[in-house]
There are 2 protein chains.
Amino acid sequence: MAKIQSKKNSTKKEIIIEKASKLFREKGFGAASMRDIAETVGVEAASLYNHIQSKSEILQAICFKVANEFISHLEDVERSGQPTLKKMETIIRFHIRMMLDQYEYVYISDHEWRHLPEPYLSNFLNQRRSYRKRLGDIIEDGIANNEMKNIEPYVAILTILSAISGIESWQRSRKSTSADTLEANMVKYLIEGLKK
Amino acid sequence: MAKIQSKKNSTKKEIIIEKASKLFREKGFGAASMRDIAETVGVEAASLYNHIQSKSEILQAICFKVANEFISHLEDVERSGQPTLKKMETIIRFHIRMMLDQYEYVYISDHEWRHLPEPYLSNFLNQRRSYRKRLGDIIEDGIANNEMKNIEPYVAILTILSAISGIESWQRSRKSTSADTLEANMVKYLIEGLKK
DNA sequence: ATGCCAACCTAACAGTTGTTAGTTTTGTTT
DNA sequence: AAACAAAACTAACAACTGTTAGGTTGGCAT
């Protein structure tokens, strides 16, 4: 058996996905070619197919990895028994941290999912809809027991998630604002707007 | 001279841009081909070049049209002498309305600008940075004269603009929430989070 | 040493891309 | 009716796309 592990304790497949992520984010899924990816991996394009099955498999891996992390975290929060406002803060902070720590992956999951082939596309969108619905239910609870002001749960969720995904713009910027300042202020803004 | 006006009182160039917008939004700039565009216009791909110079010229037209509308509106607001909180509400409502009424164009300007060729790309990003800076100045004024709570202006602007651009997701949805409800609730959320 | 096999390579495929050249159609103006 | 130009057409280009076929290399287990 040849070396299947590289220095970073990750398989070649994982390396390909990691390098591809950067390109997908920079140029978009369509504009990043297999030859582009191969070059950054240090290999010919055809050789990639020893590790992956297709270009879109890379996209699938990224999108579902991210989706699963969010769903899994949400389940923890749902089971936690915290007050609803605290639940929302925990979720908001998790989303922000994901945006800071796993920028490439989260960005792609946010913006390039439309290039998923069926049936993965429908699958992804279903998971997404269900995730947002469950967040909406938390807001609904918060309004019902007077922790939150009366706001359309759907609109609140849309606002929160979109605001956080805007951190992508901060990532591309010269970062005169620190990550901590960003997190603190965004949490403050989004929670204050929710609190009764 | 042949007919330069079509039934809709718009030039063929405008028709091309309009049809291309829909495709760019649905498939992305890279994935929408000139032949795709030509088909929806009802013409061969080569014939498009009687009206436009290149594919990216279409993108430029869209991005700068949108940018100019926002800048022009901001100038009106700056000159209006309203209290800062009212200024921000006016701007937020304008952004929301643009997202509702000119969805295709605004979406493309938001998401496909990266495919602009230089020097248009730098130009666009400069305009954008300047626009956000001026919005930040309004927030700064609002904090200084105690209309708004103490929040990092940059983060506030990032949050507001990102939240609004998330309306794209509502546009794609089954719309169980009406446009008016959406606007009312999002304005409420974003302004309440700002108000002292 | 020998055999094995994962992982690389080169070469090629069939299709698509944006765009140009050259020609013909079309409708209007003289 | 003749002339003109805008706008359509066909055909082709060079480059690039994702992917496959088939051969070569290099390190491990026997």
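Lettering of chains follows the sequences in order, A, B, ..., and the numbering in each one begins at 1.
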Under 3.5 Å, is there a donor-acceptor pair between the R129(B) and S173(A) side chains?
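No, because no side-chain N or O of R129(B) sits under 3.5 Å from a partner of the opposite role on S173(A).
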Please tell me whether T181(A) and E152(B) have a donor and an acceptor in their side chains that are separated by less than 3.5 angstrom.
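The criterion, which ignores hydrogens and geometry beyond distance, is not satisfied for E152(B) and T181(A).
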Does a nitrogen or oxygen in the side chain of [X] sit under 4.0 Å from OP1 or OP2 of [N]?
X	N	result
H51(B)	dA8(D)	yes
S47(B)	dC9(D)	yes
K12(A)	dA6(C)	no

Answer yes or no: is there an ion pair linking [X] with [Y], defined by an N-O contact shorter than 4.0 Å?
X	Y	result
R25(A)	E112(A)	no
K13(A)	E18(A)	no
E39(B)	R35(B)	no
D36(B)	K27(B)	yes

Donor-acceptor pair present, N50(B) side chain and dA6(D) base, under 3.5 Å:
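In this structure, the two groups form no donor-acceptor pair.
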Could you check how far [atom1] of [X] sits from [atom2] of [N], rounded to whole Å?
X	N	atom1	atom2	answer
K27(B)	dT16(C)	NZ	C1'	12 Å
I58(B)	dG18(C)	CD1	C1'	11 Å
E44(B)	dA12(D)	CD	C1'	14 Å
E39(A)	dC16(D)	CD	P	12 Å
L48(A)	dT17(D)	CG	C1'	14 Å
L23(A)	dT17(D)	CG	P	12 Å
I52(B)	dG18(C)	CD1	P	10 Å

Should the pair K55(A) and Y49(A) be classed as cation-pi, given the thresholds of under 6.0 Å to the six-membered ring centre and 45° from the axis?
no
Going by side chain to side chain donor-acceptor pair (under 3.5 Å), name the residues that satisfy it together with Q102(A), two or more places apart in sequence or in a different chain.
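Applying side chain to side chain donor-acceptor pair (under 3.5 Å) to Q102(A) gives E69(A).
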Indicate the atoms forming the closest heavy-atom contact of V155(B) with N185(A), along with that distance.
CG1-CB, 3.7 Å
Protein and nucleotides 18-20 of chain D: nitrogen or oxygen contacts under 3.5 angstrom:
residue	atom	partner	partner atom	Å
dG18(D)	OP1	K55(A)	NZ	2.8
dG18(D)	OP2	M34(A)	N	2.9
dG18(D)	N7	R35(A)	NH1	2.9
dG18(D)	O6	R35(A)	NH2	3.0
dT19(D)	OP2	Y49(A)	OH	2.5
dT19(D)	OP2	K55(A)	N	2.8
dT19(D)	O5'	Y49(A)	OH	3.2
dT19(D)	O4	R35(A)	NH2	3.3

Both V43(B) and D36(A) contact DNA chain D. Taking the nearest nucleotide for each, which residue is further toward the 5' end?
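Going by which nucleotide is closer to the 5' end, it is V43(B).
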Could you write out each protein N or O paired with an N or O of nucleotides 23-25 of chain D at a distance under 3.5 Å?
none

